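Below: the structure, in structure tokens.
All chains are named by letter (A, B, ...) in the order of the sequence lines, taking the proteins before the strands, and each is independently numbered beginning at 1. A quick note: this is a predicted structure, and the numbers were derived from the prediction, not measured.
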Amino acid sequence: MKLPVYMDYQATTPMDPRVLQQMLPWFVEKFGNPASRSHAYGWEAEQAVDQARQQIATLIGADPREIVLTSGATESDNLAITGAARFYRNKGDHIITLATEHKAVLDSCRHLETDEGFRVTWLPVQENGLVDLQRLADAITDQTILVSIMAANNETGVLQPLAQIGNLCRSRGVLFHCDAAQAVGKIPINVDLIHCDLLSISAHKVYGPKGVGALYVRRKPRVRLKPILHGGGHERGMRSGTLATPLVVGFGAACALAQQEMVTEQERVLMLRERLRHSIMSQITHVYVNGDLEQRLAGNLNLSFAYVEGESMMMAIKDVAVSSGSACTSASLEPSYVLRAMGVNEEMAHTSIRFGLGRFTTVEEVDFVSTTVVKAVSKLRELSPLWEMVQEGIDVSSIQWDAH
Amino acid sequence: MYNEKVLDHYENPRNVGSLDKNDVNVGTGMVGAPACGDVMKLQILVNDHGVITDAKFKTFGCGSAIASSSLVTEWIKGRTIDEALAIKNSAVAEELALPPVKIHCSVLAEDAIKSAVQNYRSKQQQSVSKES
């Protein structure tokens, strides 16, 4: 077993060695520019890109002509939101998104709001992290041009009801963009079943290489975008720039593997996650799951360990690579905005740890992690004045603390 | 990511525990807030000569917060109250080589000393006024 045990699959996934094998010839040997139409170097590269495009499209039930290759999901989100907002400006100036979206979505919307005069509704979520469909329906006006809601949350793994959101958007004549970076390859996604118009994907979240992603752009009915990168008119004018053939090939290979293995893989990952959850929660008290347990990615377990601060927890489990919603782990002083938007109080947000499991996680690793976590929590609670107060029967929330 | 001294205090915290908070010679300081991600409890036992003979802490917080409180318990043991009050957060930050984002941990440790001393002094005054 390699230490530290990697349990941060929502941050990135290790690349599958089978993916790397398919990429290798496209670096040195077959180096052609897929946009070169005049010779065989270009043709073979174009063919490889076409195949990858087909593999990506197949995984989400799309047509390969609907796939715009980008540098990753952040670029896809930027292109989808700013590109659609600018193109459809004459139809309306209102955008709706969720408070728990990824920063790439939130900041794109924020930019349109502050610099380009759009109005943005930041919808709150319910305690389980799910969108309130009635509130969404109520928020849509005749000025609304775009709704951007993610498939699976990167912190909690909570899955939004995409088909219902898509139906609602379609019936009200509003474009639906879905950031599906965490979901593609983990849960079945079909762009026609969820009625989305734009969908962001990232390769490195599905065991592919970093630095490549895609934006699905619906052809029927046709969705138009104003490009944010200008140049040679690649990707049907929506995203200029020479394609990174090896990365695109790897992206395609990763999608093909996900297509074949998703069902059995997710069953196994779910079994591992439940093993971890039961093991931890049966051995220590005052542990809480953040986000809905049913509507959730199999590979995500976000737990709050009451009275144990997240960063010191990560130090105590340094043989496990995880991330925390505690403020101490980020540059800002605020704890996780995702958990806060779900109504998790600041104190509990500070104690949250995200365990991310995936393709290469083993039973041995899960058991090691649960033993390590239980030991660390016991040690840190012995150190915690809050835990001591709880043992003495004092209600910690009843105390007037001096915020600093 | 962490300085060795922080790691040492974090892994082998000195003087973890509690003193009897009802003892008139014990001062208890509790600073910080759970919502901010750190709470420090520092207790001192003071003898008749104003010397801190024992100190204990418990801290909810990041590694730097734990290390800062552990370090000050070491520093104040055997010192007089006035010497303890003279300890500045900058000395703690320097000793542990805390980065700028962790300076507040050392501030909290200084505040914890002040709070414990204040508590000790007010208990002493109360017991004097009770006796008289």
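- In terms of heavy atoms, A:Asn290 sits closest to A:Ser304 at ND2-OG, 3.0 Å.
- Looking at B:Val39, both its backbone and its side chain come within 4.5 Å of chain A, counting heavy atoms on both sides.
- Put simply, of B:Asp111, B:Thr59, B:Leu7, the one with the most heavy-atom pairs under 4.5 Å next to chain A is B:Thr59.
- Stacking of A:Lys103 on the aromatic ring of A:Tyr337 is recorded, both the 6.0 Å distance cut-off and the 45° axial limit being met.
- Heavy-atom proximity under 4.5 angstrom to chain A picks out B:Phe57, B:Lys58 from residues 45-58 of chain B.
- Figure legend: cation-pi geometry between A:Arg273 and A:Phe355 absent, as NZ or CZ is not positioned both under 6.0 Å from the six-membered ring centre and within 45° of its axis.
- Against chain A, no residue from residues 71-83 of chain B qualifies, as none has a non-hydrogen atom under 4.5 angstrom away.
- Applying the side chain to side chain donor-acceptor pair (under 3.5 Å) test to residues at least two apart or on different chains, none of the pairs has a partner in residues 376-385 of chain A.
- Side-chain contact between A:Tyr307 and A:Glu388 is absent, with no heavy-atom pair separated by less than 4.5 Å.
- A salt bridge between A:Glu365 and A:Lys2 is absent, with no side-chain N of the basic residue lying under 4.0 Å from a carboxylate O of the acidic one.
- No salt bridge links B:Lys102 with B:Asp38; every basic N to acidic carboxylate O contact stays at or beyond 4.0 Å.
- Of the listed residues (A:Met313, A:Glu346, A:Met348), the one with the most heavy-atom contacts under 4.5 Å to chain B is A:Glu346.
- Proximity of B:Ser18 to B:Lys41: side-chain heavy atoms (C-beta onward) are separated by under 4.5 Å at one or more points.
- Side-chain contact between A:Gln295 and A:Leu130: present, with at least one pair of heavy atoms (C-beta onward) separated by less than 4.5 Å.
- Legend: salt bridge (charged side-chain N to carboxylate O under 4.0 Å, His left out) pairs involving residues 20-31 of chain B, not counting sequence neighbours, sorted by first then second residue: A:Glu392-B:Lys21.
- In this structure, a donor-acceptor pair under 3.5 Å is present between the side chains of A:Ser279 and A:Gln283.
- At a 4.5 Å heavy-atom cutoff, the contact between A:Val308 and chain B is made by backbone atoms alone.
- Contacts of A:Ser397 with chain B are absent, with no heavy-atom separation under 4.5 Å from either backbone or side chain.
- A:Val289 places none of its side-chain heavy atoms less than 4.5 Å from the side chain of A:Asn302.
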